**Student:** 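Sharing a structure below in structure tokens format, with a few things to ask.
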Amino acid sequence: MNADLEKYGSRIGPCGGNFWMRPGDRIGGSAGAVPRTAVNSVRNSGTCTLTQSGPGEPVNVRISGADFSLRTYPTEAISPDEQALPGHAAYAISHGLTVYTPLAAIRDFGVTSGGVTTLTTRNEYNDLEIQGFEQSDVQRTADQPTWNDYRDSGPNVALQVGFNKFFAGVPGESGNMTSGEFSPGGSNWSEGPPGGALMRSGEITAAPEQNVASMLALTGSNVAVPMDVSFLVCDAWDSSKLHLRAADVPGSKASSFQGVPSAGRPVWISGYDNVLGTNGQTRLAKIPEETPDLTVQYSALAGGIGAASECGDAQGPWYEDPEDVPGNDPALAAKGCTRRCLGLELTLCSLSLPA
């Protein structure tokens, strides 16, 4: 690591950060929704400035304008709210420091197990010396308890592939729930169908002739582990109740995973969050041309549970065009409907972003 600090050396971030398991930096105002009081904050932590000559080099921390009177004894942390703090000591300052560890350090020096590469780290105080108001008032590491003088951590990188399935509202349909109503406090995934049922609650009901969206959410790689990931997934349904229909569904302006229009297709990638933007960061796809390649095949075999829910050769034959699938109701086929199951093959492409 020391031979290439530009590649492996840690960088210091700005002072501040969150107040997880520590008191607020000053009394007055609020940290998020939590008021900063004498119960959960120090009197005044002053201003914190950091200087570092380069990656992996020492960091100089300077605190000015702080109240060192030690007149506050906060007993709770800001976050989690009302979380008790250990000990009964007075606090002078409360600042957070963020250290950035390069991914290369974790990949090249970490230990890999089960697809996860972890770099065991330990941060600790050494040779601490604090001078008080009087010349004789000096406290050193050897004079103090050391139970809170270190932190062990294990930053890691992993390929976190994931899958989710749920029913949602079709963008453009009247009466849809907003994404916030459909998934309170969660990701801005999709609009919800009318009725008030929450995402994945099992309580969504659909009336005859009502349109719903069957969503297959796939998680590929990220910038920490950039690689192409291919998925083979299938969606099966009771063809006496549900039918696949081609339509011109607009892109939603209110949800992350439904922002891409269907362009008249019955199956399409409605959301993709790995498009390289002009600022070097990723953004959401807006048009079909910005989404990965998708191959869709259709089967005449009715979907079900167990083996009937799979999408191998035994569940075929498979057809490229839904109009070629035998057994469709002629009246429904005239409306662009397909009543059988489908298989999808998708490759999510990763992006390597500048550090």
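Quick caveat: nothing in here was measured; it's all calculated off a predicted structure. Just so you know, residue 1 is the first one in the sequence shown, and it goes up from there.
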**Student:** Tell me whether K286 at atom NZ has more than 12 heavy atoms from other residues, nucleotides or ligands lying less than 6.0 Å away.
**Tutor:**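 Atom NZ in K286 is not crowded, with 12 or fewer foreign heavy atoms closer than 6.0 Å.
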**Student:** Looking at side-chain heavy atoms only, is the closest gap between T141 and E129 below 4.5 Å?
**Tutor:**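 Side chain of T141 against side chain of E129, heavy atoms only: no contact under 4.5 Å found.
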**Student:** I need the full list of disulfide (SG to SG under 2.5 Å) pairs touching residues 84-128, with sequence neighbours left out, sorted by first then second residue.
**Tutor:**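 Pairs touching residues 84-128 that pass the test: none.
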**Student:** Quick one: salt bridge (Lys or Arg N to Asp or Glu O under 4.0 Å) partners of R26, sequence neighbours excluded?
**Tutor:**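 Not a single residue meets the salt bridge (Lys or Arg N to Asp or Glu O under 4.0 Å) criterion with R26.
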**Student:** Just wondering, more than 12 heavy atoms not from R107 lying within 6.0 Å of its CZ?
**Tutor:**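 Enclosed: over 12 neighbouring heavy atoms sit under 6.0 Å from CZ of R107.
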**Student:** Does any non-hydrogen side-chain atom of S45 lie less than 4.5 Å from one of S94?
**Tutor:**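 Yes, close enough: below the 4.5 Å cut-off.
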**Student:** Compute the centroid of each ring, for F109 and then for Y8, and state whether the two points are separated by less than 6.0 Å.
**Tutor:**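 Close enough - the centres of the two rings lie under 6.0 Å apart.
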**Student:** C234 and C311: sulfurs closer than 2.5 Å?
**Tutor:**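 Cysteines C234 and C311 do not qualify as a disulfide pair, their SG atoms being 2.5 Å or more apart.
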**Student:** Could you pull out all residues at least two apart from E173 that satisfy salt bridge (Lys or Arg N to Asp or Glu O under 4.0 Å)?
**Tutor:**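 Partners of E173 by the salt bridge (Lys or Arg N to Asp or Glu O under 4.0 Å) criterion come out as none, since no residue qualifies.
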**Student:** Using salt bridge (Lys or Arg N to Asp or Glu O under 4.0 Å) as the criterion, list what pairs up with E320, not counting sequence neighbours.
**Tutor:**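 Applying salt bridge (Lys or Arg N to Asp or Glu O under 4.0 Å) to E320 gives none.
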**Student:** So for atom CG, which belongs to N2, do other residues, nucleotides or ligands contribute more than 12 heavy atoms lying within a distance under 6.0 Å?
**Tutor:**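 Counting neighbours around CG of N2, 12 or fewer heavy atoms of other residues, nucleotides or ligands fall under 6.0 Å, so no.
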**Student:** With a 4.0 Å cut-off on N to O distance, would you call R245 and E209 a salt bridge?
**Tutor:**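 The answer is no: the pair does not qualify as a salt bridge.
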**Student:** May I ask you to check whether over 12 heavy atoms, not counting those of D313, lie within 6.0 Å of atom CG?
**Tutor:**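 No.
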**Student:** For a side chain to side chain donor-acceptor pair (under 3.5 Å) with E191, tell me which candidate from S252, S183, S255 qualifies.
**Tutor:**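 With E191 as partner, side chain to side chain donor-acceptor pair (under 3.5 Å) holds for just one option, S252.
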**Student:** Taking the side chain as C-beta and beyond, is there a heavy-atom pair between D137 and Q131 under 4.5 Å?
**Tutor:**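 No, side chains not in contact.
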**Student:** Using modelled atom types and a 3.5 Å cut-off, is there a donor and acceptor pairing between side-chain atoms of W268 and backbone atoms of V260?
**Tutor:**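 Flag set: sc W268 to bb V260 pair under 3.5 Å.
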**Student:** Does the side chain of E124 come within less than 4.5 Å of D149's, by heavy atoms?
**Tutor:**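 Contact flag for D149/E124 side chains = no.
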**Student:** Restricting to ring pair (Phe, Tyr, Trp, His ring centres under 6.0 Å), what partner residues turn up for Y319, sequence neighbours left out?
**Tutor:**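 Checked Y319 against ring pair (Phe, Tyr, Trp, His ring centres under 6.0 Å); zero matches.
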**Student:** Is the shortest heavy-atom distance from the side chain of F19 to the side chain of D25 under 4.5 Å?
**Tutor:**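 A side-chain contact exists here, since the closest heavy-atom pair is under 4.5 Å.
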**Student:** Under a 3.5 Å cutoff, is there a donor and acceptor pairing between the side chains of N274 and R283?
**Tutor:**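 No, because no side-chain N or O of N274 sits under 3.5 Å from a partner of the opposite role on R283.
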**Student:** Taking the side chain as every heavy atom from C-beta outward, state whether L119 and N156 have any atom pair closer than 4.5 Å.
**Tutor:**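 The answer is no, as the side chains (C-beta and beyond) never meet within the 4.5 Å cut-off.
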**Student:** If every non-hydrogen atom of Y125 is compared with every non-hydrogen atom of L128, which pair is closest and at what distance?
**Tutor:**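 Nearest heavy atoms, Y125 then L128: CD2-CD1, 4.5 Å.
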**Student:** Crowded around Q135 CD? As in, over 12 foreign heavy atoms under 6.0 Å?
**Tutor:**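 Counting neighbours around CD of Q135, 12 or fewer heavy atoms of other residues, nucleotides or ligands fall under 6.0 Å, so no.
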**Student:** Say whether, by atom type as modelled, one donor and one acceptor occur between the side chain of Q52 and the main chain of P58 under 3.5 angstrom.
**Tutor:**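 A pair under 3.5 Å: no.
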**Student:** Is F68 atom CZ crowded by more than 12 heavy atoms from other residues, nucleotides or ligands, each under 6.0 Å away?
**Tutor:**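 Enclosed: over 12 neighbouring heavy atoms sit under 6.0 Å from CZ of F68.
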**Student:** Taking only residues two or more places apart in sequence, or in another chain, which ones meet F166 in a ring pair (Phe, Tyr, Trp, His ring centres under 6.0 Å)?
**Tutor:**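 Only W189 meet the ring pair (Phe, Tyr, Trp, His ring centres under 6.0 Å) criterion with F166.
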**Student:** Determine whether V229 and V161 make a side-chain contact, defined as any pair of heavy atoms from C-beta on separated by less than 4.5 Å.
**Tutor:**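 The answer is yes; the side chains approach within 4.5 Å.
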**Student:** Mind checking whether P288 and I269 have side chains closer than 4.5 Å, heavy atoms only?
**Tutor:**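 Side chain of P288 against side chain of I269, heavy atoms only: no contact under 4.5 Å found.
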**Student:** Salt-bridge test for D108 and K7: reply yes if a basic N is under 4.0 Å from a carboxylate O, no otherwise.
**Tutor:**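 Salt bridge between D108 and K7, a charged N being under 4.0 Å from a carboxylate O: yes.
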**Student:** Determine whether a donor-acceptor pair (N or O, by modelled atom type, separation under 3.5 Å) exists between the side chain of R200 and the backbone of K165.
**Tutor:**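 Looks like yes, one N/O pair under 3.5 Å.
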**Student:** Please check if the side chain of S214 supplies one atom and the backbone of F167 the other of a donor-acceptor pair under 3.5 Å.
**Tutor:**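 Here the side-chain-to-backbone pair does not exist.
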